[in-house]
There are 2 protein chains.
Amino acid sequence: METIRIGDFSFQLDLTKPLYEQVLQQIRYSVARGEVALGTKLPSVRELAQNLKINPNTVMRAYQELDRDHLIETRRGQGTFITDNLKIVEQIRQNLAYEAARSFITAMKELGMDVHTAKSLIEEGDWT
Amino acid sequence: METIRIGDFSFQLDLTKPLYEQVLQQIRYSVARGEVALGTKLPSVRELAQNLKINPNTVMRAYQELDRDHLIETRRGQGTFITDNLKIVEQIRQNLAYEAARSFITAMKELGMDVHTAKSLIEEGDWT
DNA sequence: TAGTTGTATTATATAACTTAATACAACTAA
DNA sequence: TTAGTTGTATTAAGTTATATAATACAACTA
């Protein structure tokens with residue numbers, strides 16, 4: 001799977017999920033991981049579209065969803081920027097982690113396993 | 001969300017995911033949870049379709065995927081049955097649990113968190 | 001033999017996603 | 001002021017996955 005680097009961001013697109021979803025996820029996780037500085041300017045809609053060889057509308061859709069979450073700020077005529085609000089970034093990171101945990105626990109319960117078993121699974125697994 | 005009961009199985013369908021996927025998942029988890037006895041006869045393709053108010057082809061697709069996993073056995077002219085092989089059921093249950101754990105750990109790592117943090121999240125969360 | 005099973009095929013419909021082309025509004029820099 | 005870059009909106013078209021419908025056949029049971 002090809003990796004495209006552009007600025008502080010890197011992207012890997014495939015056909016298993018909607019493109020706009022992959023783009024927004026990879027930006028979201030880059031920021032949550034702390035790989036890009038707050039206030040960083042994102043590539044323009046057209047530039048990113050060209051680099052990823054996808055349609056500008058698809059990039060727009062990703063940017064707009066991130067904007068709704070206040071993870072990025074779009075300024076008409078200027079560009080799109082990562083929020084400078086650390087609180088927001090931290091909260092989104094916590095939420096993503098919590099949601100991942102919650103869906104894991106839900107799956108375990110659907111298999112008739114309890115939280116203790118879930119914990120053991122995490123402890124005993126080889127997650128290299 | 002309406003629950004439809006039929007034999008030892010119960011179904012809840014919505015529009016968030018493909019119908020055939022929901023049907024196969026709910027059968028898979030029912031069996032993995034041990035709610036249905038090994039060798040149990042499933043509703044016929046047409047019967048289940050009628051009860052769920054969906055197309056027989058959609059039920060077929062669910063059954064065929066479960067058949068490929070050997071979780072069920074289809075016998076032309078007789079019907080469809082849960083496997084009588086306990087080993088298979090146990091292995092599928094373990095696999096589902098493992099996959100859930102793996103995808104949780106993957107998400108955590110994508111957020112720059114380690115396995116220890118993952119474990120703490122599980123421990124400290126209120127999963128009622 | 002009649003009725004039930006799983007199975008296959010062909011056609012149609014629909015919704016989500018993606019692309020394309022175009023236009024406009026807001027801002028920056030020359 | 002002007003040219004070029006931004007985000008944004010709109011309309012149309014194409015693709016794909018999913019689901020339905022109708023029909024037929026093969027394998028089995030009673």
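Just so you know, these numbers come straight off a predicted model, no measurement behind them.
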Between [Y] and [X], does any NZ, NE, NH1 or NH2 come within less than 4.0 Å of an OD or OE carboxylate oxygen?
| X | Y | value |
| --- | --- | --- |
| B/E90 | B/K87 | no |
| A/K119 | B/E123 | yes |
| B/D114 | B/K109 | no |

### Message
Other residues, nucleotides and ligands only: do more than 12 of their heavy atoms fall within 6.0 Å of CD on A/Q91?
### Response
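Open.
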
### Message
Surrounding CD of B/Q50 (heavy atoms of other residues, nucleotides or ligands, distance under 6.0 Å), is the total greater than 12?
### Response
no

Shortest side-chain distance from [X], nucleotide among [options]:
| X | options | value |
| --- | --- | --- |
| B/V45 | D/dT18, C/dT7, C/dC17 | C/dT7 |
| B/S44 | C/dT5, D/dA21, D/dG7 | C/dT5 |
| B/T80 | C/dA20, D/dG7, C/dG6 | C/dG6 |
| B/Q64 | D/dG7, C/dC17, C/dA8 | C/dA8 |
| A/T58 | C/dT18, C/dC17, D/dT18 | C/dT18 |
| A/N57 | C/dA21, C/dT7, D/dA22 | C/dA21 |
| B/T74 | C/dG6, C/dT18, D/dG7 | C/dG6 |

#### Entry: Distance (rounded to the nearest 0.5 Å) between B/D8 CG and B/L42 CG
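Spacing of CG (B/D8) from CG (B/L42) equals 9.5 Å.
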
### Task
To the nearest 0.5 Å, tell me how far B/E2 CD sits from B/D14 CG.
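Here the rounded value is 12.5 Å.
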
### Query
Any side-chain N or O of A/Y20 less than 4.0 Å from the OP1 or OP2 oxygen of C/dT18?
no

### Query
Dot-bracket, DNA chain D: Watson-Crick or G-U, under 3.5 angstrom, [ ] crossing, | other strand?
||||||||||||||||||||||||||||||

Rounded to the nearest angstrom, tell me the gap between atom [atom1] in [X] and atom [atom2] in [N].
| X | N | atom1 | atom2 | result |
| --- | --- | --- | --- | --- |
| B/D14 | C/dA15 | CG | C1' | 16 Å |
| B/R61 | D/dA19 | CZ | P | 7 Å |
| B/L52 | D/dA19 | CG | C1' | 14 Å |
| A/Q22 | C/dT18 | CD | C1' | 13 Å |
| A/D67 | D/dT6 | CG | P | 17 Å |
| B/I54 | C/dA13 | CD1 | P | 21 Å |
| B/L48 | D/dA19 | CG | C1' | 15 Å |
| A/K41 | C/dT28 | NZ | P | 11 Å |

### Query
Quick one: on DNA chain C, does B/E47 or A/K17 contact a more 5' nucleotide (nearest heavy atom)?
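Nearest-nucleotide comparison on DNA chain C picks B/E47.
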
### Letter per nucleotide, 5' to 3', of nucleotides 25-30 of chain D [B base touched, S only sugar-phosphate touched, - untouched; heavy atoms, 4.0 Å]
-BBB--

### Query
Does B/R5 count as lying over the ring of B/F11, i.e. NZ or CZ under 6.0 Å from the six-ring centre, within 45 degrees of the axis?
no

### Task
Check step by step if side chain to side chain contact (heavy atoms under 4.5 Å, CB included) holds for B/V59 and B/I54.
CA-CA 8 Å; B/V59 174; B/I54 64 179; 3.8 Å; yes

### Message
If only side-chain N and O atoms count, and only distance matters, is there a donor-acceptor pair under 3.5 Å linking A/N85 with A/T83?
### Response
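No, because no side-chain N or O of A/T83 sits under 3.5 Å from a partner of the opposite role on A/N85.
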
